[in-house]
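Below: one structure, written as structure tokens.
Below, all heavy atoms of this structure are taken into account, side chains as well, without hydrogens, waters or symmetry copies. Numbered from 1 within each chain, the chains take letters A, B, ... in sequence-line order.
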2 protein chains.
Amino acid sequence: MQIGDLSRNAGVNVETIRYYERAGVLPVPARQGNGRRVYGEADVRRLGFIRHARDLGFDLQSVRTLLALQEQPEASCTDASRIAQAQLDEVERRLAQLQSLRAELSRMVVECRKGVVAECRVIEALNTSPS
Amino acid sequence: MQIGDLSRNAGVNVETIRYYERAGVLPVPARQGNGRRVYGEADVRRLGFIRHARDLGFDLQSVRTLLALQEQPEASCTDASRIAQAQLDEVERRLAQLQSLRAELSRMVVECRKGVVAECRVIEALNTSPS
DNA sequence: CTTGCTCCTGTAGTGACTACAGGTTGTAGC
DNA sequence: GCTACAACCTGTAGTCACTACAGGAGCAAG
């Protein structure tokens, strides 16, 4: 599989794949005789993981940590647990934040009677200092 | 009021205020004889609006639209509602994914505590998701 | 009159991409 | 074999929303 196939299979831009390699979240792949990158199924899964983690708002450093967690050998279960716990705390924090965002956005949308701007709850909500 | 006061009153970085001016979300202010920017209460409110919108995840283009709408009280607020709804959809999508990640991380931590060598399924947890 | 703060402009750095220039390789049709 | 063209390569620059810093000017207090 070369980079274009990986791109189609994982739904990730070719340029982004090369960027992830430079950023160290994708392993440096083998090359064909002509210099082209060769990938396998594992790379498709890894890319899928990276995209989901990114969509959830984790930065690439956290992605590196999560990937390392995935690759922890049996021996370092304590380490793995500690890393997982830290990520869990972060996820909980992010969940709480998103839930309050949702509450506010949802209130804005529900209360908007789709009338004139003068009575618009969306605009009004933004003019009110955040709770 | 000069830029430092506005910064303190609105809780926004001085550099960010100048950036917002360049970006066209804050109006170009009057200047004192010495070239310093002069602001009024309206700017404090506008900055509050911008920060609140940014905190809710709206990008500056959406902020520009919302600000433009705010200045036309007789216009329809359909646009504002649409922008807010799009943002709400995005937040709900992320919430769903984060909840499945939380479940997986939590399972790993619990299994580690039990002394079981947890088989990490973070990648699977994130690959078997919607969107 | 020096110290120190705030202000000014302009440029560069950040993270995570995205796009493009300019060159090489592989393949398909003639 | 020749030509066209897609897919690949490297390297650099642009995007967004800031943030930081260099280098200089203005002003107030000690």
Side-chain angles (χ1 to χ4, degrees), chain A residues 1-40 43-44 46-67 90 94 97 101 126, chain B residues 1-40 43-44 46-67 83 86-87 90 94 97 126:
Chain A
M1 197 179 359
Q2 50 185 53
I3 202 166
D5 307 305
L6 177 59
S7 170
R8 275 179 296 277
N9 290 343
V12 174
N13 211 315
V14 167
E15 318 269 21
T16 307
I17 294 172
R18 286 195 283 252
Y19 169 74
Y20 283 165
E21 181 185 330
R22 283 200 303 283
V25 292
L26 271 187
V28 175
R31 300 280 183 140
Q32 291 174 337
N34 53 22
R36 297 187 175 188
R37 292 165 174 85
V38 203
Y39 297 98
D43 297 297
V44 180
R46 197 176 172 108
L47 255 182
F49 167 77
I50 296 169
R51 285 313 316 160
H52 281 292
R54 290 286 306 124
D55 284 349
L56 294 175
F58 292 102
D59 61 16
L60 285 186
Q61 185 47 57
S62 297
V63 172
R64 270 187 283 265
T65 304
L66 285 164
L67 284 166
E90 175 61 17
R94 212 176 276 282
Q97 192 189 333
L101 278 190
L126 288 169
Chain B
M1 195 177 1
Q2 49 186 53
I3 203 166
D5 306 306
L6 176 60
S7 170
R8 276 179 295 276
N9 289 345
V12 174
N13 211 315
V14 167
E15 317 269 21
T16 305
I17 294 172
R18 286 195 282 251
Y19 169 74
Y20 283 165
E21 181 185 330
R22 281 200 304 284
V25 292
L26 271 186
V28 175
R31 301 278 184 143
Q32 290 173 339
N34 53 22
R36 299 189 174 190
R37 291 166 176 85
V38 203
Y39 296 99
D43 297 297
V44 181
R46 197 175 173 108
L47 256 182
F49 183 99
I50 297 168
R51 283 315 315 162
H52 195 176
R54 291 286 305 125
D55 286 347
L56 288 171
F58 296 105
D59 62 15
L60 284 187
Q61 185 47 58
S62 298
V63 173
R64 267 187 286 265
T65 306
L66 290 167
L67 282 166
I83 291 170
Q87 195 58 34
E90 178 61 18
R94 288 185 190 180
Q97 295 205 335
L126 288 169

Query raised in the report: Ion pair present between Asp5(B) and Arg8(B), side-chain N to carboxylate O less than 4.0 angstrom?
Result: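 Salt bridge present between Asp5(B) and Arg8(B).
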
Is any side-chain nitrogen or oxygen of [X] closer than 4.0 Å to OP1 or OP2 of [N]?
| X | N | value |
| --- | --- | --- |
| Asn13(A) | dC17(C) | no |
| Arg54(B) | dC18(D) | yes |
| Thr16(A) | dT18(C) | yes |
| Arg51(B) | dA17(D) | no |

Rounded interatomic separation in angstrom, taking [atom1] from [X] and [atom2] from [N]:
| X | N | atom1 | atom2 | answer |
| --- | --- | --- | --- | --- |
| Gln2(A) | dT24(C) | CD | C1' | 13 Å |
| Tyr39(A) | dC8(D) | OH | C1' | 11 Å |
| Arg8(A) | dC8(D) | CZ | P | 6 Å |
| Gln32(A) | dT24(C) | CD | P | 19 Å |
| Asp5(A) | dA6(D) | CG | P | 17 Å |
| Ile17(A) | dA7(D) | CD1 | C1' | 13 Å |
| Glu21(A) | dC17(C) | CD | P | 15 Å |
| Glu15(B) | dT11(C) | CD | P | 15 Å |

**Report entry** For the student: nearest non-hydrogen atoms of Pro27(A) and Asp43(A), plus distance
**Finding:**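 Looks like CG-OD1, 4.0 Å.
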
Nearest to the side chain of [X] - [options]?
| X | options | answer |
| --- | --- | --- |
| Tyr19(B) | dC8(C), dC16(D), dG26(D) | dC16(D) |
| Tyr20(B) | dT9(C), dC17(C), dC18(D) | dC18(D) |
| Arg22(B) | dT18(C), dT19(D), dA17(D) | dT19(D) |
| Arg18(A) | dG26(D), dC8(D), dT19(D) | dC8(D) |
| Arg31(A) | dC17(C), dT18(C), dC9(D) | dC9(D) |
| Ile3(B) | dT6(C), dA17(D), dC8(C) | dC8(C) |

Check: [X] side chain, [Y] main-chain N or O, donor-acceptor pair, under 3.5 Å:
| X | Y | value |
| --- | --- | --- |
| Gln2(B) | Arg36(B) | no |
| Arg46(A) | Val25(A) | yes |
| Arg37(A) | Arg18(A) | no |

Query - Upstream residue (5' side of DNA chain D) when Asp59(B) and Asn34(B) are each assigned their closest nucleotide - result: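 Result: Asp59(B).
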
Query raised in the report: So, does the side chain of Arg36(B) form a donor-acceptor pair with the base of dT6(C) at under 3.5 Å?
Result: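 Between dT6(C) and Arg36(B), which were checked side chain against base, a qualifying N/O pair under 3.5 Å is present.
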
